[in-house]
Structures are given as structure tokens and as C-alpha cells.
Participant: 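Take a look at the following structure, please.
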Amino acid sequence: MSHEPQQQRRDPGEPTAVGPVSGPPREEGVEGRHGGTGRGSRDTTADRGEGDGAADRGEGDTTADRGEGHGLAGRDGGERLDSAESRGGERAAGSRPGRTRPRRTGLRRVVPTWRTVLGVSLLLAVVLLGGFVAGYLLVDIPPANSAATAQSNVYLYKDGTQIARDGEVNRQSVRLSQIPLSVQHAVLAAEDRDFYSERAVDPQAMVRAAWNTVTGKGKQSGSTITQQYVKNYYLGQEQTVTRKVKEFFIAIKLDREETKSGILEGYLNTSYFGRNAYGIQAAAHAYYGKDISAVDTAEGAYLASLLNAPSAYDVAAHPENRPRALARWNYTLDGMVTEHWLPLSERAAMIFPMPQTAGPASGLSGQRGYIVQAVEDWITGNGIVDEKTLARGGYRITTTLERKKQDAFAAAVDRHVMSRRDPGRAADRNVRVGGASIDPASGRVVAMYGGIDYTRQYVNNATRRDYQVGSTFKPFVLAAAVENGSLTQDGRRITPNTLYDGTDRRQVQGRYGPTGYAPENEDNVSYGPVSVRLATDHSVNSVYAQLAQDVGPRRVRETAIALGVPEGTPDLTATPSIALGVATASVLDMAEAYATLANHGRHGTYTLVERITKDGMELELSETPARQVISREAADTTTSVLMGVVRQGSGMAALSAGRPAAGKTGTAEGDRAAWFAGYTPDLATVVAVMGQDPDTGVQKSLYGALGLARINGGGVPAAIWGEFTAAALAGREAEDFDLTIAEGADEEDFYLPDEPGGPGDDLAGPGGGEGGTGDGRFDGDRSAEGSAPPSNGAGTGRATNGGIPADGRTPPAGGTTGGRPPTAGRTGGGSATGGPVGGTDQGGGAQGAGTRGATGGGADESGPQGMGGTGGTDGWGVFPDGP
């Protein structure tokens with residue numbers, strides 16, 4: 001059968017292809033003798049089911065002929081074309097001319113068609129609708145949960161003995177009519193401003209909250225007040241998909257069966273406000289000591305703010321969180337103005353209503369309440385159990401605290417602080433003590449001291465973050481210098497033996513000249529050229545500010561965070577002043593950082609909790625494997641320098657521990673806190689004595705407290721540290737530090753034990769006056785060479801600072817130094833009237849192991865190497881620690 005030849009497409013310039021060529025039909029898959037394909041494009045046509053394939057030199061056309069292809073090649077065909085490769089055949093059979101669909105190529109091949117998208121969408125809609133209907137029919141409103149009869153939580157020492165059992169849930173329901181309308185509006189402004197107009201659930205808010213959580217903007221709730229009420233009253237606080245699904249359907253049903261006012265009343269009576277207070281009536285009593293009906297708008301706004309984060313916004317328990325609580329309070333009031341529930345003029349006149357101090361149950365007296373508070377904060381802060389669920393009770397919590405060490409801490413504080421307080425001394429009312437001790441190897445907190453009594457002083461001094469850490473921060477600067485191989489401004493590698501200019505108020509020098517920052521040394525003492533090691537011993541501010549600049553304040557900050565100081569610590573700013581300890585980390589934070597140094601730079605999980613069980617089931621505790629956060633050389637080099645602070649620097653009172661120790665003293669600005677942070681190879685402990693007005697909460701200086709002119713880190717805190725450490729490690733063999741020191745950091749021996757005037761045993765530092773060391777190294781403003789002190793072991797400090805003149809003669813009565821009140825005879829803790837006793841009685845023995853004098857001077861000048869006494873409890877060190 002023949003037909004008219006089809007018009008062939010060709011490229012102009014190519015010769016015209018030959019006409020149709022007849023020949024015997026070929027079976028499928030059989031090649032033509034000269035079968036080949038053209039090198040150009042291929043066109044596919046269909047003609048009544050018949051087709052002939054032909055290819056010229058530049059083109060290849062394929063036709064379909066009843067499903068059979070005939071491969072023909074032009075004169076220049078170079079490749080074989082069998083019928084199976086023909087481009088007509090099966091694909092084009094039966095198609096009509098002009099209706100051929102172009103092939104999808106490139107990215108279009110993976111993009112679904114609109115038909116596919118529509119089909120999938122319809123299917124998904126059917127599934128969701130079916131699921132919604134099924135859920136609505138299957139999920140019923142359950143009876144109220146057991147929150148109203150919640151159990152107590154039990155807290156145990158590591159050995160299983162009981163520490164405390166918290167009280168039953170505190171709840172008293174009230175009618176909505178008893179709650180002032182302004183308080184209701186405050187709650188709505190804080191939690192759900194569209195409550196009365198919205199549906200029971202807000203899918204858009206739920207999606208937005210989920211997206212914010214997934215994208216790292218923090219966990220957020222998209223729940224309406226109705227959903228929260230369902231969770232509080234009918235379900236629980238568990239973060240599970242099942243609970244969320246039930247909450248969704250119960251909220252929809254409840255919204256159809258209950259009035260909005262009834263739901264709001266139930267919500268206000270079941271919500272947790274902190275301080276073991278369930279319901280707004282219990283909260284009004286817990287925070288303001290009054291019925292909810294007497295709560296004003298400002299107070300109601302604060303109670304409403306607590307719903308977002310009860311413990312975090314309790315400014316009485318966590319004064320460091322006051323800015324956050326104030327911001328939430330302002331947000332609530334501003335929302336009331338926006339919704340026209342509060343006049344702007346009335347809003348502008350409002351003052352933040354400080355809540356009263358909590359009144360905990362008597363079962364939490366002594367240290368027990370502080371422990372319970374700290375453990376709860378640790379559990380909720382680490383996301384193990386949320387605050388509201390934990391408050392419902394039923395948990396058995398075994399802590400890492402060891403009873404023997406806990407008792408030893410309390411005994412040391414009682415001996416050195418509580419027993420010395422005098423009701424007739426006004427300054428003694430302000431004294432607070434916080435302490436924490438950590439096992440460096442395991443990261444477990446083994447002891448904690450929170451305050452005099454939880455029922456009398458609610459704030460935990462071990463965990464609060466509102467006091468400057470002072471010079472206890474300086475070791476982090478040194479560790480950062482060694483870790484980063486830092487150089488001085490003139491290109492010298494920084495080691496403990498690098499010399500710096502210790503001149504008082506010396507401007508910090510940057511890469512491009514003076515920075516304008518010129519910190520004062522303690523008592524405005526100038527040291528001249530001094531090594532980093534000795535600047536650490538005596539806490540020279542001018543040296544460490546320059547050292548921080550040379551290392552880079554940002555690197556210093558990063559090192560402190562790596563060691564364990566929380567990144568969000570207030571005032572942890574990357575400026576040279578960071579070296580002086582303006583940051584306000586807690587005692588527990590600093591204990592963690594020092595434990596990392598003791599553990600050779602390895603930081604792991606620091607924990608207060610050993611085990612948590614409920615109903616026989618054990619909860620999983622998060623644990624981070626220990627990792628090397630700074631090099632061992634950097635940590636151990638820092639340790640070697642801190643050992644000198646205890647041996648011959650400002651922390652010599654810590655020698656009472658009776659074992660190798662490293663540590664650092666610190667004093668907050670204005671002498672509002674004094675710190676000692678130290679460690680042995682097996683225990684890291686930090687002690688802080690703080691000043692705070694018990695009535696107003698305002699921080700106060702410690703001048704005159706405990707009968708002392710001043711309390712500094714090397715005094716009472718170091719003495720507490722030494723006694724506690726000795727008792728806590730009693731029966732355990734003393735261990736030496738196993739140190740790997742960085743190259744060039746070996747200690748240089750500056751002390752000559754056979755010469756008079758060696759380090760004394762004053763509680764705050766070596767023998768001699770504040771202006772000099774008493775060992776010939778320094779003479780106030782004189783060079784490091786100095787002259788030997790007089791044979792009586794007196795210091796060579798400046799007379800204006802209460803020190804003995806360079807000729808060793810009788811000093812005048814002490815003067816005012818560093819803005820402090822005048823103190824007489826401040827030459828190594830001289831007598832109250834100054835004079836000879838202040839100089840001659842301050843022996844300068846290698847360890848100054850003489851007896852203590854009652855009024856400051858040592859009782860005995862005799863003994864080998866001038867064992868002239870410790871300087872007594874009123875004694876002064878020659879190089880006090882810097883702020």
C-alpha cells in the first residue's frame with residue numbers, strides 16, 4: 001500500500017531528502033542494513049495509524065504505521081535505528097494530529113501537576129474532616145483531675161535520708177463576682193485579650209506558636225484560656241501529642257456547654273501562681289497577704305504576670321529577675337490600656353507593687369527550704385518536669401547532697417558568722433552568707449548553704465544572681481590568656497611570669513592608644529612592675545584590666561562561659577572591666593566554673609539531682625558528657641597561680657583546710673560582698689558573705705559587721721572555706737595537684753624563707769601593712785626590688801594607709817583609704833589605736849603560725865622565721881583583694 005509522501009522539515013542549506021523508498025516490511029526489532037538516526041531533531045506524526053520512518057543527513061523523522069516502524073537511513077546515516085527505537089509506534093498510535101502534549105523536562109518533571117495537587121488536597125481535607133468528626137464524637141469531657149488532692153513531693157539526701165516534704169496544695173476557690181473586674185481584665189490582657197470574642201481554640205495561634213518553637217524563638221503556647229483551663233482542670237501538664245489532641249476537642253465541647261464567665265472563673269481558680277498557690281485567692285494571700293477582693297489594679301497586674309512564669313517572676317525569691325518581671329507587668333498594664341480597660345492617666349501613675357516576702361511552711365525551716373527551692377529550679381530549668389506538674393506533687397527526688405558535708409557547711413558558717421553577730425550592732429542585721437560545693441570529677445553538688453533560715457530569709461544566697469563576683473573572676477582572664485596564646489601590646493607572650501605595670505589608675509592601653517579606662521587598685525596602692533603571678537596573689541586591678549584588654553574581652557567572656565558561668569549572667573559584658581568581676585553570677589555558678597578548673601578544663605553536667613521517681617517509674621535525667629572546654633595546660637597553669645594566692649597571697653586563711661589548695665579572693669564594689677572561691681583536687685567550694693537590708697532588700701556595705709572594720713574575701717569567707725573543706729574531706733588522704741603547666745609558666749621563687757618578713761598568716765593576706773608585703777618585695781609605690789622590712793616583721797607600707805613607714809618606726813593612726821572610714825593602725829591588723837602594736841606584733845613567718853591577738857596584732861613575736869601571730873580576727877592583709 002502506498003500513500004503521499006509527508007512534507008519533511010529540513011534545515012535550509014541541507015540537500016533535499018529522497019522520496020519514499022519501498023521495501024519489504026521488517027519485523028519489530030530488526031535493523032535495516034544501513035539503519036541509522038539523523039543527527040538533528042526528530043518529529044513524530046501519525047497518519048491513519050500508518051507511518052514510515054526516514055532520516056536524512058541532518059534530520060530524523062519517525063512515523064507510526066500500525067505500530068510498526070521502518071528504519072531507513074540516508075546516504076550519511078551513521079547509526080543503526082531499529083524498530084524498537086522508532087519514535088512513533090506505541091506512543092503515537094491512536095493519537096490525533098495537533099493534540100500531542102509536550103514532554104515535561106527539567107524541574108517541571110518533579111513539580112506535581114495541578115490535578116495532582118487538587119487530588120491530594122481533597123483527600124487530605126476528607127481525612128482531616130473525618131478525623132475531626134471522629135475526635136469530637138469519641139473524646140468526652142472527663143471528670144476533674146486529681147490536682148485538688150495533689151500529693152507532696154519528698155526530697156532526700158544522697159544516702160536516702162529525708163531532707164524535706166513540701167506541703168499540700170494551697171487552694172481556695174472563689175466566685176468570679178468576688179474577683180475585681182480590673183483583676184479579671186489584667187488576666188485577660190496578659191493571657192488572652194480576645195477571650196470573650198474568640199472560639200475555644202485558635203488554630204492560627206497554635207500554628208504560629210509551633211513555628212516559633214521550631215525556629216528557635218523559644219517555647220511558646222498557642223493555647224487560649226479555655227484550652228489552659230481544660231489542661232489545668234481536666235487533664236495534666238504533660239507535653240504529649242495525645243494530651244494536646246484531647247485538650248483540643250474538650251475545649252471545643254466545653255465552649256459549647258459552658259459560659260465564658262464560667263470558664264474564666266474555673267481558670268482563675270485552677271491556675272498556678274507560684275509559692276504553692278493554686279488559684280487567684282491563694283495567690284493574693286501568698287503575695288500580698290489579702291483577699292483577692294482587696295487587690296488593686298497594679299497588684300492584679302502583677303498576679304496576672306505570674307501566670308507566664310511563676311517562679312521566674314517572683315521578685316522576692318529571685319531579685320535578679322526584677323527587670324523581666326517589671327517588663328511583663330508593664331506589658332499587662334499596656335494591654336489593658338489598649339483594650340480600653342484602663343485609663344491612660346491611671347496607668348501612668350502606677351508604681352510597681354512589690355510583693356511581700358513569702359511565708360514558707362515550718363517544715364522547710366533551716367537549710368531545707370533553700371534546698372527544695374534550688375532543686376525545683378534545677379528540675380524545671382532543665383526541662384525534666386514543668387513547674388506546674390511538679391507542684392502537683394507525687395515525686396520522690398533523691399538529691400546529690402551529702403548530709404555530712406551539708407552539716408559541716410552550716411557549722412562553719414555558724415562559727416565564723418552567726419555566733420559573732422551582735423543584736424546591738426546595726427550592721428550585723430545585714431549579713432548574709434551563701435555557699436556551694438561541687439565534686440569536680442562527677443559534677444555533683446555535695447553541699448549548699450542558702451542562708452540563716454528559709455522561714456526567716458526567703459532568698460537563696462547560693463543561687464541568687466545580683467551580687468558582683470569581684471576578683472574571683474580574674475582567674476578566667478588568666479585562663480583565657482594561656483588558652484589563646486595571647487600577647488601583650490608590645491608582642492610578649494603572656495605567662496604567669498610576664499611583667500605588667502601595676503601603677504594605680506593606669507589607663508588601659510589598646511591597639512591604638514589609651515582606652516580611657518583607668519581602674520583603681522585597692523586602697524589606691526601602686527605596685528610598679530609586677531608579674532601576673534604576683535598581681536594575682538594580691539589582686540592588682542590595673543594589671544588585670546590591661547591583661548583582659550590584651551587577651552580580648554570577648555575571648556575572656558567566652559572562656560568564662562565555657563567554664564560554667566551562664567551566658568545570660570547580668571553585666572557579663574566584653575569590656576576590660578570584665579576582669580574586675582562586675583558580673584553578678586551566683587555562688588553556685590562560680591562553684592561550677594572553679595570545679596571545671598579543678599577538673600583540668602573538663603566541663604560536664606553539674607547537677608543537684610541524682611534520681612527522680614513517680615509511681616514507681618524513674619524519670620530520665622538529661623546528662624551532657626564531659627568535654628574539654630579549655631586545654632589542660634590553660635586550666636592547670638591557672639591552678640598553679642591560684643595555689644600561690646593561698647600559700648602567700650590574699651587567701652592564706654584557706655590554709656586551715658590542711659591540704660593543697662588553690663583559690664581566689666574577691667570583693668564587690670562598695671564592699672557589699674566578699675568572696676572566696678577555691679578548690680582542692682577533689683572538692684571545689686565557693687563562699688560569699690553579702691550585705692543586704694532585711695527590710696528594704698537594698699544591698700549594703702559590710703563595714704563594721706561582725707565587729708570588723710571591713711570584711712574582705714581573705715577574711716571570713718576564706719576562714720569558712722578552710723573549716724568546711726577540712727571537715728568535708730576528713731578521713732580522706734590529702735592529694736597533691738597533678739598539673740600540666742604551659743611552657744614558660746613555671747613558678748619563680750620570690751620568697752626567701754630564711755629572711756625575715758616572709759608571708760604572714762593574716763586572715764586577709766601576708767604579714768605587714770596594706771601598703772607593703774613585709775617581705776621586701778614591695779614598699780607601697782616602690783619597685784619590686786624593695787628593701788628588707790625591719791626585724792620586727794612589720795610591713796613597709798605607706799603611712800597614709802596605716803602602714804609602717806619605710807624606716808620601720810611607729811606608724812600614725814591609720815587614715816582613710818579607698819573611701820573607707822578611718823581605721824587605726826592598719827598595718828597588718830594592728831591594734832585599735834595604731835602605734836607600735838600595729839607594727840611589731842605582725843610577725844612575718846613562712847606561714848605565720850602564731851596565735852591570734854584579740855585586737856588584731858599577733859600575741860607573740862617569737863619563734864622561727866618571725867612566727868608573730870596571725871593578725872587576729874581583726875587583722876588586715878598587706879595586699880587586699882581588689883573589687
Side-chain angles (χ1 to χ4, degrees), residues 157-161 399-413 415-416 435-449 475 590-607 610 626 628 632-633 635-649 651-664 676-687 714 717-741 746-747 749 753 759 761 845-849 870:
Y157 283 112
K158 185 179 180 180
D159 63 5
T161 58
T399 71
T400 59
L401 300 173
E402 299 178 23
R403 186 165 191 164
K404 171 190 169 185
K405 293 180 174 63
Q406 188 69 28
D407 293 343
F409 221 137
V413 174
R415 181 187 305 277
H416 293 280
S437 187
I438 292 177
D439 179 352
S442 66
R444 291 177 171 83
V445 180
V446 297
M448 175 187 298
Y449 187 90
M590 294 300 286
E592 178 176 334
Y594 272 70
T596 305
L597 291 175
N599 198 31
H600 309 291
R602 290 181 62 80
H603 183 280
T605 299
Y606 290 84
T607 178
E610 187 84 15
Q628 199 78 37
R632 174 164 184 157
E633 289 78 8
D636 288 0
T637 299
T638 303
T639 296
S640 71
V641 173
L642 297 183
M643 291 175 68
V645 175
V646 175
R647 285 198 308 264
Q648 65 256 351
M652 292 182 64
L655 290 169
S656 60
R659 55 186 66 226
K664 185 71 188 74
F676 185 81
Y679 50 94
T680 66
D682 37 23
L683 194 63
T685 305
V686 176
V687 179
I720 293 173
W721 186 95
E723 180 171 324
F724 163 73
T725 301
L729 299 177
R732 185 183 300 185
E733 185 177 353
E735 296 183 25
D736 289 322
F737 286 102
D738 179 19
L739 303 180
T740 302
I741 307 299
D746 293 334
E747 182 174 2
D749 186 8
D761 190 25
Q847 299 296 337
T870 66

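Treat the numbers as computed from the prediction; the structure is a model and nothing was measured.
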Participant: Nearest 0.5 Å, please: how far is CG in Asn599 from CD1 in Ile438?
Facilitator: 11.0 Å
Participant: Rounded to the nearest 0.5 Å, how far does CG of Leu729 lie from OG1 of Thr680?
Facilitator: 5.0 Å
Participant: Only counting residues at least two apart or in another chain, list the ones meeting salt bridge (Lys or Arg N to Asp or Glu O under 4.0 Å) with Glu735.
Facilitator: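 For Glu735 there are no salt bridge (Lys or Arg N to Asp or Glu O under 4.0 Å) partners, ignoring immediate neighbours.
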Participant: Taking the side chain as every heavy atom from C-beta outward, state whether Thr607 and Val445 have any pair of such atoms under 4.5 Å apart.
Facilitator: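 The answer is no, as the side chains (C-beta and beyond) never meet within the 4.5 Å cut-off.
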Participant: Can you see which heavy atom on Ala591 is nearest to which on Ala684, and at what distance?
Facilitator: O-CB, 4.2 Å
Participant: Starting at CZ of Phe409, measure out to OG1 of Thr725 and round the result to the nearest 0.5 Å.
Facilitator: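 Output value for this atom pair is 8.0 Å.
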Participant: With sequence neighbours excluded, what pairs up with Tyr679 under the side-chain hydrogen bond (donor to acceptor under 3.5 Å, both in side chains) test?
Facilitator: Thr639
Participant: Short question: side chain of Ser640, backbone of Thr637 - any donor-acceptor pair under 3.5 Å?
Facilitator: yes
Participant: Which value, rounded to the nearest 0.5 Å, describes the distance between Asp407 atom CG and Glu402 atom CD?
Facilitator: 11.5 Å
Participant: Holding to salt bridge (Lys or Arg N to Asp or Glu O under 4.0 Å), I want the full list of residues that pass it with Arg444, two or more places apart in sequence or in another chain.
Facilitator: Glu610
Participant: Of all residues at least two apart in sequence or in a different chain, which pass the side-chain hydrogen bond (donor to acceptor under 3.5 Å, both in side chains) check with Asp636?
Facilitator: His600, Arg632
Participant: On a heavy-atom basis, which atom in Pro440 and which in Pro681 lie closest, and how many Å separate them?
Facilitator: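 Shortest heavy-atom separation between Pro440 and Pro681 comes out as CG-O, 4.3 Å.
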Participant: Name all residues meeting the side-chain contact (heavy atoms from CB on, under 4.5 Å) criterion together with Ala728; count only those two or more places apart in sequence or in a different chain, and write none if there are none.
Facilitator: Lys405, Leu683, Phe724
Participant: Work out which heavy atom in Phe737 is nearest to a heavy atom in Met643; give both atom names and the distance.
Facilitator: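 Where Phe737 meets Met643 most closely, the heavy atoms are CD1-SD, 3.6 Å.
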Participant: Output yes when a side-chain donor or acceptor of Gln406 lies under 3.5 Å from a complementary backbone atom of Val446, and no otherwise.
Facilitator: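 Absent.
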Participant: Check side-chain contact (heavy atoms from CB on, under 4.5 Å) between Ala410 and all other residues, then give those that pass, not counting sequence neighbours.
Facilitator: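 Here the qualifying residues are Tyr449.
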Participant: Taking only residues two or more places apart in sequence or in another chain, which ones pass salt bridge (Lys or Arg N to Asp or Glu O under 4.0 Å) with Asp682?
Facilitator: Arg732
Participant: Please report the C-alpha distance between Phe676 and Ile720 in whole Å, then the side-chain angles of each, then the deciding distance to 0.1 Å, and finally whether the side chain to side chain contact (heavy atoms under 4.5 Å, CB included) criterion is met.
Facilitator: CA-CA 9 Å; Phe676 185 81; Ile720 293 173; over 6 Å; no
Participant: Report the residues that fulfil side-chain hydrogen bond (donor to acceptor under 3.5 Å, both in side chains) with Arg415, sequence neighbours left out, ordered by chain and then residue number.
Facilitator: Glu723
Participant: Do you know the tightest heavy-atom contact between Lys664 and Leu642?
Facilitator: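 Reported closest heavy-atom pair: CB-CD2, 4.2 Å.
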Participant: Check whether Arg403 reaches the backbone of Lys158 with its side chain - one donor and one acceptor, N or O, closer than 3.5 Å.
Facilitator: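 Looks like no, no N/O pair under 3.5 Å.
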Participant: State which residues pass side-chain hydrogen bond (donor to acceptor under 3.5 Å, both in side chains) with Asp159; sequence neighbours excluded, sorted by chain then number.
Facilitator: Thr161
Participant: Search all heavy atoms of Ala662 against all heavy atoms of Val646 and return the closest pair with its distance.
Facilitator: C-CG2, 3.9 Å
Participant: Please list, chain by chain and in numerical order, all residues satisfying side-chain contact (heavy atoms from CB on, under 4.5 Å) with Ala411, sequence neighbours excluded.
Facilitator: none
Participant: Of all heavy-atom pairs between Ala657 and Trp721, which one has the smallest distance, and what is that distance?
Facilitator: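 Minimum heavy-atom separation between Ala657 and Trp721: CB-CZ3, 3.8 Å.
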